[in-house]
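Written below as structure tokens is the structure these notes are about.
Residue numbers start at 1 and run along the sequence shown.
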Amino acid sequence: MGAFAAKLFNQDMTIERYACQFKSLQVEQIFLQSKFAQDKKIAQFLCCIIALVTTLVTFFDKMIIQASYWPDIALTGRIIMVSVCVLSAFALSYIKTIQLFRLVISVFMLFLFLNMQFMAITYERFYILHMFFDVIILITFYFSTLVSIKLSVFLSISYSALAISVIYFNKEISNHSLYMVILAHLAANLAGMIMAAHEHIIRRELFVRNAQLAQLAHEMKTQALRDSLTQLPNRRAFDNAYPEYQRLTQQQQGESKQVCVILADIDYFKRVNDTHGHEVGDVVLQRFSAFLTQSLRTSDDVYRFGGEEFVIVLPLCSVPDATVIINSMISRLNAEMLQVEGLSLPIRASFGLTVMREEEQKLVIARADAALYQAKDAGRNQLVIKL
């Protein structure tokens, strides 16, 4: 569901009650795609059930089939029915599009309806109990929701009209029996329509709820991995990304371009908070975060580790290139004053650079941290490299 939930972001998921489908055609297509695999399994199951029932009924057909149709014509019809059901169940596995699937289902249902009425014609002229199979087929077809409710209503009513006509013109039954047949078909269609409409709507409502839950889970996960103040990925996000950095490190062994890790810390940030207040300090953090992001390549990553400390990861970057990038950032910081609420503040930062090896996360961070402290001890506002 998660894959489909991303496509539904900001989409209108209103359900048209009478049409029993989403108002948005795009959302409707996404919904149909989400249940496509399940629909194919349901269709295959129904094909197998029809083939099995037809085979079992064949053993008792001789008792109710007219002598002129038994055995050649009747058995040929049953063999065709079973063969088509089995082949259809097999072929459904190879259908890749919803449009083709619905076309195949519609053609199969037409074949089934015609074959059922052919079977009805072969039965004795007084025999009408086969209508119970008609009722079962109608209700099952409605309830399966394999096609739209409009198409299922059209096919089912057409089938009922055909079935009643076959009984009326080919069976020798009383008017009362004919009325009962008509009532049975009316009841089957009415019950089928109600169940189908309910099922179509319920499935779409469940789809909407699942999509909303998936979106909420994605938002919660995003918030859990993002610092609320600076909107940078946080330490947990770095933890999650570390295996990928390790994979890159393994691939780049012996190469000049490696995975460089830099620990950055705003110089005298506590003084900013103590002198101008935490609101100004928050703005400084936000501006510094934006500065880091804008100063790096699109392939680089920045994380806020906490307080005024940030981790910069430069994948596929040599140490000389990383040195140029960081020194350029230091030069730009030295050349600019940060304007915050009428204040002009000099913002400086110290950087500790190291290269990632095949090692635990805490080791590479400890090495970058040691380089950062050397930069602090050496007077701040500079880069120290510790390999």
Assess the residue pair Met356 and Gln258 against the criterion (side-chain contact (heavy atoms from CB on, under 4.5 Å)); give the C-alpha distance rounded to whole Å, side-chain angles, the decisive distance to 0.1 Å, and a yes or no. CA-CA 7 Å; Met356 186 178 292; Gln258 302 169 341; over 6 Å; no
Kindly compute the distance separating [atom1] ([X]) from [atom2] ([Y]), expressed to the nearest 0.5 Å.
X: Ile137; Y: Met131; atom1: CD1; atom2: CE; answer: 13.5 Å
X: Leu338; Y: Arg287; atom1: CG; atom2: CZ; answer: 5.0 Å
X: Gln44; Y: Ile49; atom1: CD; atom2: CD1; answer: 13.0 Å
X: Ile73; Y: Arg78; atom1: CD1; atom2: CZ; answer: 11.0 Å
X: Leu372; Y: Leu263; atom1: CG; atom2: CG; answer: 5.0 Å

Test ring pair (Phe, Tyr, Trp, His ring centres under 6.0 Å) applied to [X] - qualifying residues, sequence neighbours left out:
X: Phe90; value: Tyr94
X: Phe36; value: Phe101
X: His200; value: none

Apply side-chain contact (heavy atoms from CB on, under 4.5 Å) to the pair Phe22 and Gln29, showing each step before the final yes or no. CA-CA 9 Å; Phe22 287 105; Gln29 285 300 311; over 6 Å; no
Any donor-acceptor pair under 3.5 Å linking the side-chain atoms of [Y] with those of [X]?
X: Thr58; Y: Thr55; value: no
X: Ser156; Y: Asn189; value: no
X: Ser295; Y: Arg332; value: yes
X: Asp265; Y: Ser350; value: no

Residues [X], [Y]: salt bridge by 4.0 Å N-O rule:
X: Asp239; Y: Arg235; answer: no
X: Glu28; Y: Arg204; answer: yes
X: Arg271; Y: Asp274; answer: no

Which pairs count as ring pair (Phe, Tyr, Trp, His ring centres under 6.0 Å) when at least one residue sits in [range], sequence neighbours excluded?
range: residues 41-87; value: none
range: residues 140-198; value: Phe113-Tyr159
range: residues 301-344; value: Phe238-Tyr303, Phe238-Phe305, Phe288-Phe310
range: residues 261-285; value: none

Criterion salt bridge (charged side-chain N to carboxylate O under 4.0 Å, His left out) on Glu205 and Arg17, from CA distance to verdict: CA-CA 11 Å; Glu205 288 177 344; Arg17 297 285 169 172; 2.8 Å; yes
Heavy-atom side-chain proximity of [X] to [Y] below 4.5 angstrom:
X: Thr354; Y: Val364; result: yes
X: Ile128; Y: Tyr123; result: no
X: Lys171; Y: Val181; result: no

For [X], which residues count as a side chain to side chain contact (heavy atoms under 4.5 Å, CB included) partner, sequence neighbours excluded?
X: Arg203; result: Phe31, Lys35, Asp39, Ile42, Thr145, Glu199
X: Leu25; result: none
X: Leu229; result: Asp227, Asp282, Leu285, Gln286, Arg304
X: Val86; result: Ala51, Val82

Take Ile266 and Glu309, measure what side-chain contact (heavy atoms from CB on, under 4.5 Å) needs, and give me the verdict at the end. CA-CA 7 Å; Ile266 301 175; Glu309 202 167 65; over 6 Å; no
Salt bridge (Lys or Arg N to Asp or Glu O under 4.0 Å) with Arg125: which residues, sequence neighbours excluded? Glu172
